[in-house]
Amino acid sequence: MPTSSETAAGPSIHSISSTEPLLSSQPLLVVDSLLCERGDRLLFAGLKFDLVAGDGIRVEGENGAGKTTLLRVIAGLTQQYEGLITWRGLGTRRNRGELHAEMLYLGHLAGVKAVLTPLENLRWWAVVHTPHLKEQSKVQFTHLLLQALDKVGLSRFAHAACHTLSAGQQRRVGLARLYLSRHPLWILDEPFTAIDRNGIEQLEALISDHLAQGGLAIITSHQAMNIEGFDRCILADYKTDYANTLEQTDNSAFEIEAQY
Amino acid sequence: MYFTSISELWHMAGHGSYVWAAYGASLIVLGASLLMPARAYRRQLRMIKAQSNSIDD
Amino acid sequence: MANWQWFHRLGSPKWLHGTINRWLPWVLVSALVLLSIGVVWGLAFTPPDYKQGNSFRIIYIHVPTAVVALAGYYAMAIAGAVSIIWRMKVADMALRAIAPVGAAITLLGLFTGAVWGKPTWGAYWVWEDARLTSMLVLFFLYLGIMALHDAFQNRQGGSRAAAIIALVGTVNIPIIYKSVDWWSSLHQSASIKFTEESTIAAEMMYPLMVTIPGVYLLFAAAVMLQMRVQIAHSERHSRWLEKYAINRA
Amino acid sequence: MPDFTVSDSTIPDPTVLSRNTKLSDQYRPVFSIFYALLVRDFHVYFRHRGAWLNPLTFIFMVILLFTLGIGPNATTLTANAAGIIWVVALLGIMLSLDALFRADYDDGSLEQLLLSPEPLYLPVMAKVLAHWVVTGLPIVVASPLFSLMLGISGKAIPALALGLLLGSGVLSFLGAIAASLTVSLRSGGLLIALLILPMYVPVIIFGSQFVQSAIEGWPLTATLSMLVALLIGSAVLAPLAIIGGLRMSIDG
């Protein structure tokens, strides 16, 4: 956990602690009395957790419990929820730009266009999500992209169309984004699927470094993850039926929501 | 009343079929737009009542 | 923050269900009274038009339906805007309720217009009549919204999509109506003149002043009935509805 | 330890951010996003030839069908030529709209685009523009051929091309609204037609009247100015609805 004073000479992920001391204990991401329905099935209600700088949380639940839904709700992709989510104290429903500027989301779909090459896929994504890289010359920018591809072992395929690559390789094009990203909050949905042994170890090392530098991570994964410092959010704890929830959360969600 | 007898009202000097066709259609359409949702509401309430009874007993 | 409470309570289906049950009888009765007075007055007591004869009496149902059809679409757009900006379930329900009722009334307007056209212009469907052609486009706009509602399994998505297309439709309606007017005036042969206002004697217009509000109120009643059905569907798990259903029997 | 900064990079090592200046305030790369998406979509479209060839072949075929249906007699064909070409062009563009967002939706890049912190107005504009270049522009370029097939001659040929240039833009922008609303649905195609054809009424009226008055030598300014107004209006307002539609579609 980096101290809240000036960060050490660490790398330049724009660290969370700021000039006026932001108490590292002050939560950056707060999720409060969250209720989600799928069709007329209640996924979870009253879900609550918060993350301070350097925290990681793993969402656990069997298939269909709502792991992906929860991640999409926090990422702001879904508006169909009751309850409150704040990033840096701002409600994410109304302040989407602030959250998305500092968040990287990797879903089930890698977001890789099969017609394009890995380099082209990274290029347009980097322009959209990592604007600070675009500041320098074209050559320098391409060099950075190739470097990221090299880190996921795709430098030989940088110019091959993605539909010629295997599913695992296509997912790694998605993962290459993590090496370009300087977003404090990472939301990764099943990042370890379809990756080989050393790929998993490399990714685990990357995530733990991200946390070490004061980043936050929300991850779902079927395999065991040996990254320390991860809390657990078990959806089953928040699973209730309709009867006693609608009455009680119906009002509380409205009251809280009204303030942000 | 402008018309002296009911049959005159019905014929309306030749235009009766058009006028009564229009008003007949209006009665059907406006009537249906009121009755159908009313019936659907009662059916839904009966279903809820049946569902709650099955849970209670 | 207190003043926001009533606004949010406005969003709660239980409050709306109570309000509808309180106001529905009044709206329904006054609609039926107004309509029956206006129709009987228009059918039996007003003298026929010197040019069109008795077929002009269809005006007392055609004009109100045409007016309410258009007003219904704008009401839907307002509900859509409210549901997009304040995300209120009630607005979604209103939008979902207005669409079928509006489509039915627009269809009625088309039918009465066509039936009125036969004795007056000699043909059931006269393309040069800009009002009728625009109402046909309006009917397709209503169908588009209903189709969109059905296409989505999750109701929230469907309501959002319908709200957006309703707003886009509202921006387009004036343009559509004006372009159809321009088009019909361009292609109007000398024999059929639609543009100048039909000169109906003043006292023949009075029944209209009664049937128009009558159809408006009936439209409102139908929409309320539809919304009540949706509340009963979406709140079927809630305990307040269960209690209401039981002691209502 | 993966090094976020590139060793010989000239990235200004950002001083520690104060609490309120966040990453999003520092950079405003909106136009570079517009350009990057435009280039990306051109790459995607030109990687497989079907993208711009299909609408064009569709239009030629339907003109053939119309001629077979109406009969080869030149006077009737020319009299209806303007209306035929406009309706056929409209259907050609509308049928190609379903693919506008669907490919991005299916492979997840639409999600990544919508997660951009910058306002989406220009990226959406870029996507519609790229789609228009692939579907609308070929129609405009091929329009002299349609005129010859249906007996339009003289000044009307460039008029048809200009009319289609303006009108196809309106058709693409309005159609993209319906495409954004139905992208998450399996049966999107027909629903797009049902949603957007009523909005195409003004384009059809002024477009075909513009060509008709060119054929008969009437003054063109009235219909031309209406087409320009429709284009500006839809180009400015449609992206707002498209963004709303896309955010709703991935919300499912």
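Residue numbers start from 1 in every chain, and the chains themselves are labelled A, B, ... in the order their sequence lines are given, proteins ahead of strands. Quick note: numbers below take in every heavy atom, side chains included, and nothing from hydrogens, waters or symmetry partners.
Between Ile246(C) and Ile48(B) there is no side-chain heavy-atom pair separated by less than 4.5 Å. Using a 4.5 Å heavy-atom threshold, the side chains of Trp20(B) and Leu43(C) count as touching.
For Phe45(C), the parts lying under 4.5 angstrom from a heavy atom of chain B are both the backbone and the side chain. Within the 4.5 angstrom heavy-atom criterion, only side-chain atoms of Val29(B), from C-beta onward, approach chain C. Looking at Thr46(C), the atoms closer than 4.5 Å to chain B (heavy atoms on both sides) all sit in the backbone: N, CA, C or O. Interface residue Ile61(C): backbone and side-chain heavy atoms are both found under 4.5 Å from chain B. Heavy atoms of Tyr18(B) lying under 4.5 Å from chain C belong to its backbone as well as its side chain.
The OH atom of Tyr41(B) sits 13.0 Å away from the CE atom of Met224(C) when rounded to the nearest 0.5 Å. Distance check: Tyr23(B) OH to Thr112(C) OG1 gives 9.0 Å after rounding to the nearest 0.5 Å.
Nearest heavy atom pair, residue Leu218(C) against residue Ser33(B), reads CD2-OG, 4.4 Å. Heavy atoms only, all atoms of each residue included: Asn54(C) and His15(B) are closest at N-ND1, 3.4 Å. Nearest heavy-atom pair, Arg236(C) versus Gln51(B), reported as atom, atom and distance to 0.1 Å: O-OE1, 4.4 Å. Closest approach of Ala22(B) and Phe111(C) over heavy atoms only: CA-CE2, 4.3 Å. Between Leu225(C) and Leu34(B) the shortest heavy-atom distance is CD1-O, 3.4 Å.
In terms of heavy-atom pairs under 4.5 Å with chain B, the best-connected choice from Gln230(C), His17(C), Met227(C) is His17(C). Each of Val40(C), Ile58(C), Ile105(C), Val223(C) has some count of heavy-atom pairs under 4.5 Å with chain B, and the biggest count is that of Ile58(C). Between chain B and the residues Gly109(C), Pro48(C), Ala221(C), the largest count of heavy-atom pairs under 4.5 Å involves Pro48(C). Of the listed residues (Ala104(C), Ser55(C), Ala97(C)), the one with the most heavy-atom contacts under 4.5 Å to chain B is Ser55(C). Most heavy-atom pairs under 4.5 Å with chain C, from the set Ser26(B), Ala25(B), Gly16(B): that is Ser26(B).
The number of heavy-atom neighbours closer than 6.0 Å to CH2 of Trp26(C), taken from other residues, nucleotides and ligands shown, is 12 or below.
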